[in-house]
Protein chains: 4
Amino acid sequence: MQLGLIGLGKMGGNMRERIRRAGHTVIGYDRDPDLTDVKSLAALVEQLDAPRVVWVMVPAGHPTQSVVDELGDLLSPGDTVVDGGNSRWTDDEKHAAELGIKGIGFVDAGVSGGVWGLQNGYALMVGGDKEHVERLQPIFESLKPEGPYGYVHAGRVGAGHFSKMVHNGIEYAMMQAYAEGWELLEKANSVDNVREVYRSWQQGTVIRSWLLDLAVNALDEDEHLEQLKGFAQDSGEGRWTVEAAIDHAVPLPAITSSLFARFASRQDDSPQMKMIAALRNQFGGHAVESVKE
Amino acid sequence: MQLGLIGLGKMGGNMRERIRRAGHTVIGYDRDPDLTDVKSLAALVEQLDAPRVVWVMVPAGHPTQSVVDELGDLLSPGDTVVDGGNSRWTDDEKHAAELGIKGIGFVDAGVSGGVWGLQNGYALMVGGDKEHVERLQPIFESLKPEGPYGYVHAGRVGAGHFSKMVHNGIEYAMMQAYAEGWELLEKANSVDNVREVYRSWQQGTVIRSWLLDLAVNALDEDEHLEQLKGFAQDSGEGRWTVEAAIDHAVPLPAITSSLFARFASRQDDSPQMKMIAALRNQFGGHAVESVKE
Amino acid sequence: MQLGLIGLGKMGGNMRERIRRAGHTVIGYDRDPDLTDVKSLAALVEQLDAPRVVWVMVPAGHPTQSVVDELGDLLSPGDTVVDGGNSRWTDDEKHAAELGIKGIGFVDAGVSGGVWGLQNGYALMVGGDKEHVERLQPIFESLKPEGPYGYVHAGRVGAGHFSKMVHNGIEYAMMQAYAEGWELLEKANSVDNVREVYRSWQQGTVIRSWLLDLAVNALDEDEHLEQLKGFAQDSGEGRWTVEAAIDHAVPLPAITSSLFARFASRQDDSPQMKMIAALRNQFGGHAVESVKE
Amino acid sequence: MQLGLIGLGKMGGNMRERIRRAGHTVIGYDRDPDLTDVKSLAALVEQLDAPRVVWVMVPAGHPTQSVVDELGDLLSPGDTVVDGGNSRWTDDEKHAAELGIKGIGFVDAGVSGGVWGLQNGYALMVGGDKEHVERLQPIFESLKPEGPYGYVHAGRVGAGHFSKMVHNGIEYAMMQAYAEGWELLEKANSVDNVREVYRSWQQGTVIRSWLLDLAVNALDEDEHLEQLKGFAQDSGEGRWTVEAAIDHAVPLPAITSSLFARFASRQDDSPQMKMIAALRNQFGGHAVESVKE
């Protein structure tokens with residue numbers, strides 16, 4: 001089938017390639033003239049036969065909003081828009097309503113896979129009305145990994161991004177788990193070779209996983225991670241997961257502490273620990289490190 | 001080769017079977033007359049040719065201590081004892097010293113695999129002197145999974161149990177991660193089918209793992225886990241992981257919060273939350289649930 | 001001076017009393033005919049001499065929004081509205097803008113004191129433009145406790161509620177601290193009389209505080225808190241504190257874990273711990289409590 | 001009455017002074033010849049009339065152990081030893097048993113007060129048999145603050161140090177609460193003057209406390225704590241509190257996260273966050289800060 005694809009960055013570009021390999025026609029648009037197949041969004045829409053399907057793969061927030069707004073003006077009743085970016089699930093409801101008034105369908109798709117997706121396929125979590133989701137099925141089939149898994153129609157509009165968001169929250173805590181264990185093993189006097197311990201865990205253990213395989217890769221490249229700083233960004237999804245948990249009064253201690261560990265990792269000096277030092281100083285006699293030392 | 005194996009419960013019995021299938025001779029001892037091959041520890045030792053190798057597979061703490069004490073009296077210089085149970089790594093150092101005085105070698109082996117081990121093999125994390133570990137190599141080979149992983153000589157005495165302990169700590173936080181995510185998805189209004197979301201994650205995602213496969217199995221048996229109570233035991237390893245982290249001043253927020261969630265799950269009513277309720281009551285006018293309601 | 005006061009519930013009613021005792025004129029409005037001084041908001045506005053000052057003391061969210069909307073229609077340029085309820089700081093900016101267009105000033109006031117406020121005074125944290133805040137000074141003086149503290153002009157619009165929100169976040173973690181310590185002492189074999197330990201801490205210790213005094217009061221009424229259930233509500237402020245921390249990438253582990261403890265306290269059975277139990281069940285042989293037991 | 005006092009450092013020296021001011025006779029011993037009243041422990045014991053009371057005020061662990069051992073040899077049946085240092089409660093049981101065999105009584109006393117104790121008095125939490133505790137009553141009276149509180153006989157041997165340990169655990173979480181709140185307020189755009197917000201809280205609020213007063217003192221000295229590094233030591237008590245909680249299966253999220261925040265504050269670079277960075281790097285395309293940048 002025919003697909004319009006907006007946003008040809010690292011993710012979008014690879015997805016175009018994977019969909020084309022499956023025999024579909026993809027017309028891509030990107031602001032970067034070296035990447036784009038057409039000169040404008042209007043040209044993209046013009047080249048597609050109605051009813052059109054347009055996949056939006058641009059950053060969450062303003063970029064996605066402005067593409068959705070523009071598509072609302074350019075598309076026709078019966079067309080369908082898929083947001084495959086990292087939008088917050090609450091934006092999906094807005095976008096679906098905005099387009100729905102004009103008779104345009106909306107589907108949200110959480111996409112996992114990163115740089116490995118072109119080769120291995122992308123896991124897809126999809127939200128939307130059945131009729132809109134079904135139109136996309138050939139594209140979803142081309143993107144997903146071979147095998148029985150890697151695709152789900154999770155529920156109504158927003159369910160795709162919500163599921164992907166929770167996936168990322170779980171990912172935060174799993175990464176934190178392997179990271180905490182690694183630091184503790186590195187500190188143990190008796191353990192000589194932490195890298196080999198991690199490697200051994202790849203079979204027969206309860207904690208074998210793809211992330212563990214990645215950890216072993218990383219340790220093979222740099223056994224004690226001496227080339228890296230203990231500095232980790234966080235994306236919107238981790239934060240939104242905690243916010244969603246607060247909305248639903250769900251305790252989320254492991255995921256939240258993983259998010260906070262990332263916040264702390266980015267502080268050169270911790271303001272709150274200055275206050276702890278100040279209080280210890282006040283009640284007396286505790287050695288405190290001052291900036292001037 | 002020839003191996004004495006003490007403790008023929010669920011783990012020990014299956015391990016005897018797997019070692020025998022690999023062509024080794026196992027003489028097993030258990031207090032249960034239906035399980036044992038010999039009548040006593042003394043008889044076990046007598047039946048083995050020197051230098052003997054005896055694998056201890058009994059519960060950590062007093063049971064392991066008393067078997068080690070008895071073996072210290074029964075064995076001869078040049079023999080080797082392996083503790084394959086869940087001992088605390090600090091016990092290993094004591095046992096190695098106690099046996100070492102008598103010229104008996106000591107190896108500690110953390111064993112992972114549970115009921116799946118007989119078929120899939122057991123992951124082994126081993127600590128001890130090279131000469132003692134090497135004597136055991138054929139047995140380790142027979143127990144471990146096929147393939148390049150699943151076995152490591154992690155370091156000196158204690159390193160095996162320390163590594164297994166950290167493995168279990170990581171396991172706690174990974175289980176907690178999947179559990180938190182599941183509860184949040186179950187609460188989401190937009191997501192219709194949480195089980196299918198979990199199933200879809202088994203391919204192409206960052207969080208695919210053996211534990212995820214188990215989660216899907218569990219949801220297939222009982223989609224909303226209505227047949228279970230939210231009640232989880234913890235074994236020594238989770239607690240020891242946190243204690244080891246405290247010894248080494250390593251922050252362990254995700255693993256520790258996972259341990260605490262299990263503690264809380266076993267309380268019918270939380271004493272500390274009674275104090276919160278009492279304080280709210282004191283500063284006024286907050287609705288508090290009293291026992292009498 | 002003259003003040004209009006909207007909302008005469010437990011807080012508003014006591015505040016009216018305290019302001020009147022200081023010699024000011026308060027015209028109160030409440031939907032409850034037994035409490036109100038006037039029949040309608042319009043009547044309230046009519047009875048006040050311009051430039052008017054109207055204090056809104058109704059629940060956050062829709063109730064406050066609808067009073068602000070109505071006041072926007074009823075008041076005149078030069079009048080001032082104070083929101084003394086528990087509004088989210090982000091609402092303050094909206095309300096200030098909405099009223100500002102009409103030339104009406106807006107001040108937000110976080111109020112602490114509960115049922116003790118009538119007698120001891122209310123701590124006030126205020127946000128807004130200097131000119132608007134200054135008009136309110138006599139009222140603030142009448143409400144605040146005697147002594148040098150208990151009042152602050154914290155910053156621009158929103159700063160009052162933001163400060164009060166953080167106050168409540170800190171309160172959550174302090175309450176949790178006393179609660180955790182109490183449970184641990186109650187479990188200790190050596191400690192006979194936890195209540196007397198708490199009582200003794202009221203002098204000479206680092207942790208003496210008003211909340212500690214309340215804890216002792218509570219233990220005097222019910223030494224082991226046997227009349228209470230471990231069940232604690234949370235108000236918006238605790239949640240908003242965590243959300244604000246996420247917005248600013250500030251790690252907030254103690255406050256957040258206190259909030260999560262309250263969430264968990266309200267669950268009859270923990271869904272996430274069902275998943276932990278299910279996973280333990282899957283990898284074998286762990287005793288799991290089933291609902292049918 | 002007469003008291004032998006061993007250890008005349010900052011705490012011990014001030015305590016000697018406060019006890020003397022109350023009219024008691026204190027013979028002090030310290031290894032530092034500038035501080036000591038006598039030349040040796042033997043000389044101290046010789047100068048006291050039987051039955052003797054000797055207060056040990058030296059660091060926990062080996063120093064306390066060696067003084068207790070020596071006193072076991074020097075003292076006579078009927079004498080009493082008080083450990084007023086920061087010993088772990090489990091050491092108390094050992095010391096009581098060791099001295100008890102020789103007919104010497106043992107009392108453990110947790111002492112709070114720091115540099116403010118000389119003037120304001122020391123809060124005392126005491127464990128031991130009634131007969132031993134009663135002999136010390138005049139000394140306890142002289143040390144404790146004026147007023148009804150500040151002293152408790154908490155239970156049997158160990159109860160004093162256990163109570164003091166929990167006091168310090170609570171202190172950790174309270175300090176963390178004020179610290180988290182401070183950092184969040186400092187980040188808020190609307191709040192101009194965080195110091196004045198903290199100052200205002202000293203009256204009429206739920207969170208007024210002695211620690212809050214200290215926080216205000218600290219902010220008066222250095223409004224944004226620019227002269228301090230966010231670096232905080234921890235003493236044994238915080239760690240032991242978490243270990244005791246693990247022993248009793250008590251969840252302690254706020255106190256434990258406060259301890260972990262201190263651990264993290266002392267790391268120049270976080271090993272575990274290096275692993276997070278490494279994993280993000282592996283699954284692709286995330287910007288990672290490398291050491292070489």
Side-chain angles (χ1 to χ4, degrees), chain B residues 10 114-116 172 175-176 178-184 186-187 210-211 213-215 217-219 221-222 224-233 253 257-258 260-262 264-265 267 269-293, chain C residues 10 114-116 172 175-176 178-184 186-187 210-211 213-215 217-219 221-222 224-233 253 257-258 260-262 264-265 267 269-293:
Chain B
K10 201 179 310 183
V115 294
W116 309 74
Y172 274 48
M175 290 168 74
Q176 181 69 19
Y178 290 117
E180 293 179 4
W182 184 74
E183 180 172 340
L184 183 53
E186 285 276 343
K187 292 274 168 61
W210 189 66
L211 274 168
D213 298 343
L214 295 189
N217 288 352
L219 296 174
E221 291 173 11
D222 180 5
H224 300 290
L225 304 179
E226 289 162 342
Q227 301 308 311
L228 293 171
K229 282 207 264 183
F231 172 100
Q233 290 293 356
S257 62
S258 307
F260 287 165
R262 294 191 179 195
S265 82
Q267 298 183 319
D269 198 4
S270 164
Q272 63 190 238
M273 299 318 288
K274 285 170 180 269
M275 176 53 89
I276 301 288
L279 288 169
R280 282 169 57 83
N281 209 13
Q282 287 293 322
F283 61 73
H286 289 290
V288 171
E289 267 197 38
S290 89
V291 170
K292 286 174 180 166
E293 281 178 0
Chain C
K10 202 180 307 185
V115 294
W116 308 74
Y172 274 48
M175 290 168 74
Q176 181 71 20
Y178 290 118
E180 292 179 3
W182 183 75
E183 179 172 339
L184 183 53
E186 284 277 342
K187 292 273 168 62
W210 188 66
L211 274 168
D213 299 342
L214 294 188
N217 287 352
L219 296 174
E221 291 172 11
D222 180 3
H224 300 291
L225 305 178
E226 290 161 342
Q227 301 309 311
L228 293 170
K229 281 208 263 184
F231 173 99
Q233 291 292 355
S257 62
S258 306
F260 286 165
R262 294 190 180 194
S265 82
Q267 297 183 320
D269 199 5
S270 163
Q272 62 190 239
M273 299 318 289
K274 285 170 181 270
M275 177 52 90
I276 301 287
L279 287 169
R280 281 169 56 82
N281 209 14
Q282 287 294 321
F283 59 73
H286 288 291
V288 172
E289 268 196 37
S290 89
V291 169
K292 287 174 179 166
E293 281 175 0

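Residue numbers start from 1 in every chain, and the chains themselves are labelled A, B, ... in the order their sequence lines are given, proteins ahead of strands.
The distance from the CG atom of B:Leu225 to the CG atom of C:Leu279 is 8.5 Å, given to the nearest 0.5 Å. Put simply, CE on C:Met275 and CG on B:Leu211 are 10.5 Å apart, with the number rounded to the nearest 0.5 Å. In this structure, CD on B:Glu180 lies 7.5 Å from CZ on C:Phe260, to the nearest 0.5 angstrom. Between the CZ atom of B:Phe231 and the CZ atom of C:Arg280 there is a distance of 9.0 Å, given to the nearest 0.5 Å.
When every heavy atom of B:Ala277 is checked against every heavy atom of C:Leu228, the shortest pair comes out as C-CD1, 4.4 Å. The two residues C:Phe283 and B:Trp210 come nearest to each other via the heavy atoms CB-CH2, 3.9 Å. C:Gln272 approaches B:Ala179 most closely through the heavy-atom pair O-CB, 3.1 Å. C:Ser270 and B:Glu183 make their closest contact through OG-OE1, 4.2 Å (heavy atoms, listed as atom of the first residue, atom of the second, distance).
Within the 4.5 Å cutoff, no side-chain heavy atoms of C:Glu186 are placed close to those of B:Lys274. For the pair C:Tyr172 and B:Ile276, the minimum side-chain heavy-atom distance is 4.5 Å or more.
No part of B:Leu184 comes within reach of chain C, as not one of its non-hydrogen atoms sits under 4.5 angstrom from that chain. Both the backbone and the side chain of B:Gln176 come within less than 4.5 Å of a heavy atom in chain C.
Although no hydrogens or angles enter the test, the distance criterion places no donor-acceptor pair under 3.5 Å between the side chain of C:Asp269 and the main chain of B:Lys229.
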